[in-house]
Q: 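Attaching a single structure in structure tokens format; questions to follow.
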Amino acid sequence: MSWLDHQAPESVLYISFGSAAQLEKQDFMEVVHGLAISKQPFLWVMRPAFVKGSEWIDLLPNWFLDLVGERGHIVKWAPQQEVLAHQATGAFWTHNGWNSTLESICEGVPMICSPFWGDQPLDARYVSDVLKVGVYLENGWGKEEIASAIRRVMVEDEREDFRERARCLKEKVNVSLMKGGSSYESLESLVGYISLL
């Protein structure tokens, strides 16, 4: 969090692919090259053994670490909701697990979607095609597509559209959670029903 405190507002790409997904070394290297090409600041949560056959960051090339320097920060774990709520966070590159997707929506943060399995592809498609608050990486882990997606949500003109839709969605979520809101009332109804059993 202290590293984020020193970054410009909405300048950082937060990267986290959940607690179970693993990448092959070849895909990991595409991510590394895509981040390098994008030239954007990033906070990357890289769990130990995230890359098959590695301990933690042992597969990161020295040229990448030298090139990135203070522009990137790699950690084993981060308080995700706090990171998403931080003013420096501009986008979230995610696996689109339901919890991560909801947390990003609740904080009004646009997404780059890289689903792995289960509900994640559906969540990702909904984020990109229905809610229009993110970019779906359609063709896997190509470095050029990664860099392009990062630029779309972080620096190109389209970023303002993503951010505005994400902010509007956050406001709708907040209204639904307040007393009298649809989510609030649905939960109250469920609690009332369970209490009668």
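The first residue in the sequence is number 1, and the count goes up from there.
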Q: Sorted by first residue and then second, give each side-chain hydrogen bond (donor to acceptor under 3.5 Å, both in side chains) pair with at least one member in residues 144-158; sequence neighbours left out.
A: Arg152-Glu158

Q: For the atom pair CG (Leu84) and OG1 (Thr89), what is the distance rounded to the nearest 0.5 Å?
A: 6.5 Å

Q: Each residue besides Val175 in its hydrophobic cluster should be listed here, by chain and number; the cluster joins Ile, Leu, Val, Met, Phe, Trp and Tyr at side-chain heavy-atom distances under 4.5 Å.
A: Met178

Q: State which residues pass salt bridge (charged side-chain N to carboxylate O under 4.0 Å, His left out) with Asp5; sequence neighbours excluded, sorted by chain then number.
A: none

Q: Does any pair with a residue in residues 26-53 pass salt bridge (Lys or Arg N to Asp or Glu O under 4.0 Å), and if so which ones, sequence neighbours excluded?
A: Glu24-Lys52

Q: Would you mind listing every side-chain hydrogen bond (donor to acceptor under 3.5 Å, both in side chains) that reaches into residues 63-75, with sequence neighbours excluded?
A: none

Q: In chain order, what residues pass the side chain to side chain donor-acceptor pair (under 3.5 Å) check against Ser183, with sequence neighbours excluded?
A: Ser176

Q: CG of Leu13 to CG of Leu43: how many Å apart, nearest 0.5 Å?
A: 9.0 Å

Q: In chain order, what residues pass the side chain to side chain donor-acceptor pair (under 3.5 Å) check against Arg163, with sequence neighbours excluded?
A: Glu10

Q: What distance do Leu122 atom CG and Asn96 atom CG have between them, rounded to the nearest 0.5 Å?
A: 10.0 Å

Q: Using the ring-ring contact (aromatic ring centres under 6.0 Å, His included) rule, collect all pairs that involve residues 107-132, keeping only residues at least two apart or in two chains.
A: Phe116-Trp141

Q: May I ask whether Val32 and Ile37 are part of the same hydrophobic cluster, defined by side-chain heavy atoms of I, L, V, M, F, W, Y residues being less than 4.5 angstrom apart, directly or through others?
A: no

Q: Indicate yes or no: at least one non-hydrogen side-chain atom of Ile105 is less than 4.5 angstrom from one of Leu131.
A: yes

Q: State, with a plain yes or no, whether a side-chain heavy atom of Phe50 is found less than 4.5 Å away from one of Leu23.
A: yes

Q: Got a sec, which pairs hit salt bridge (Lys or Arg N to Asp or Glu O under 4.0 Å) with one end in residues 172-191, sequence neighbours left out?
A: none

Q: Once rounded to the nearest 0.5 Å, what's the spacing between atom CD1 of Ile57 and atom CG of Leu65?
A: 6.0 Å

Q: Is it the case that atom CD in Glu160 sees more than 12 heavy atoms from other parts of the structure closer than 6.0 Å?
A: yes

Q: Under the side-chain hydrogen bond (donor to acceptor under 3.5 Å, both in side chains) rule, what pairs show up with a residue in residues 103-112, not counting sequence neighbours?
A: Gln80-Glu103

Q: What residues form a salt bridge (charged side-chain N to carboxylate O under 4.0 Å, His left out) with Arg165, not counting sequence neighbours?
A: none

Q: Apart from Trp77 itself, which Ile, Leu, Val, Met, Phe, Trp or Tyr residues share its cluster (side-chain heavy atoms under 4.5 Å, direct or through members)?
A: none

